[in-house]
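As the structure is a computational prediction, the values presented were derived from the model and not from experiment. Only this structure's heavy atoms are used, side chains among them; waters, hydrogens and symmetry mates stay out.
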Amino acid sequence: MAYWLMKTEPDECSIDDFARQAESPICWDGVRNYQARNFMREMKVGDSVFIYHSSCKAIGIAGTVEVVKEAYPDPTQENIESNRWSAVDLIFKAKFKRVITLNELKSIPALAKNPLVQKGNRLSVIPFSQTEWNAVHAFI
DNA sequence: GCCAACGTTGGC
DNA sequence: GCCAACGTTGGC
């Protein structure tokens, strides 16, 4: 059982999109970064994932989803035979009453070393320790 | 819209 | 293997 955070632009795929179809999983594809891809390949069914909204009005963690299908060839890649890129399937778990903002996340001591709050970091799939996960939940 | 920071590409 | 040029990310 592991914990993760995944960034998304809510225009593309938001926590509301997950909530709208809470019974059916969403294919998380289109990741084109090796470090992020490698983390996706480590994901196991049942892992918990924060959904982080970036490049929008309310930047921050908006809710949680869960891994329901482990890494498989990303259907959106050019040459699917190469299996260069991976996708996972995720299903809705919870939408927070309000977004936990980036400023709030920066104020959480347990997150000080997390790439999410470090300047210039562009990693879109980030592993969370249980301590970090719990520290975020304590904010809700 | 701006721009700093970062990752990738490709010539050498 | 180096590194300049380029494209993208993402906060502001």
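Clustering ILVMFWY residues whenever any of their side-chain heavy atoms sit less than 4.5 angstrom apart, transitively, puts A/Ile61 in the very cluster that holds A/Phe139.
In this view, A/Ser86 and A/Arg41 satisfy the side-chain hydrogen bond (donor to acceptor under 3.5 Å, both in side chains) rule, not counting sequence neighbours. Annotation: side-chain contact (heavy atoms from CB on, under 4.5 Å) contacts of A/Ala135 (sequence neighbours excluded): A/Ile108, A/Ala110.
Exactly one of A/Tyr52, A/Phe39, A/Phe50 qualifies for a ring pair (Phe, Tyr, Trp, His ring centres under 6.0 Å) with A/Phe128. That residue is A/Phe50.
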If you restrict it to nitrogen or oxygen atoms, what contacts under 3.5 Å exist between nucleotides 9-12 of chain C and the protein, and what is each distance?
unit_1, atom_1, unit_2, atom_2, d
C/dT9, O4', A/Arg122, NE, 3.4
C/dG10, OP1, A/Lys7, NZ, 3.0
C/dG10, OP1, A/Arg122, O, 3.1
C/dG11, OP1, A/Tyr52, OH, 2.6
C/dG11, OP2, A/Ser55, N, 3.2
C/dC12, OP1, A/Lys106, NZ, 3.4

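Distance A/Tyr34 OH to B/dT8 P: 7 Å, rounded to the nearest Å. Rounded to an integer number of Å, the gap from A/Arg37 CZ to B/dT8 P is 10 Å.
Taking 4.0 angstrom as the limit, A/Lys119 places a side-chain polar atom (N or O) nearer than this to OP1 or OP2 of B/dA5.
Between A/Trp85 and A/Tyr34, the distance separating the two ring centers is shorter than 6.0 angstrom.
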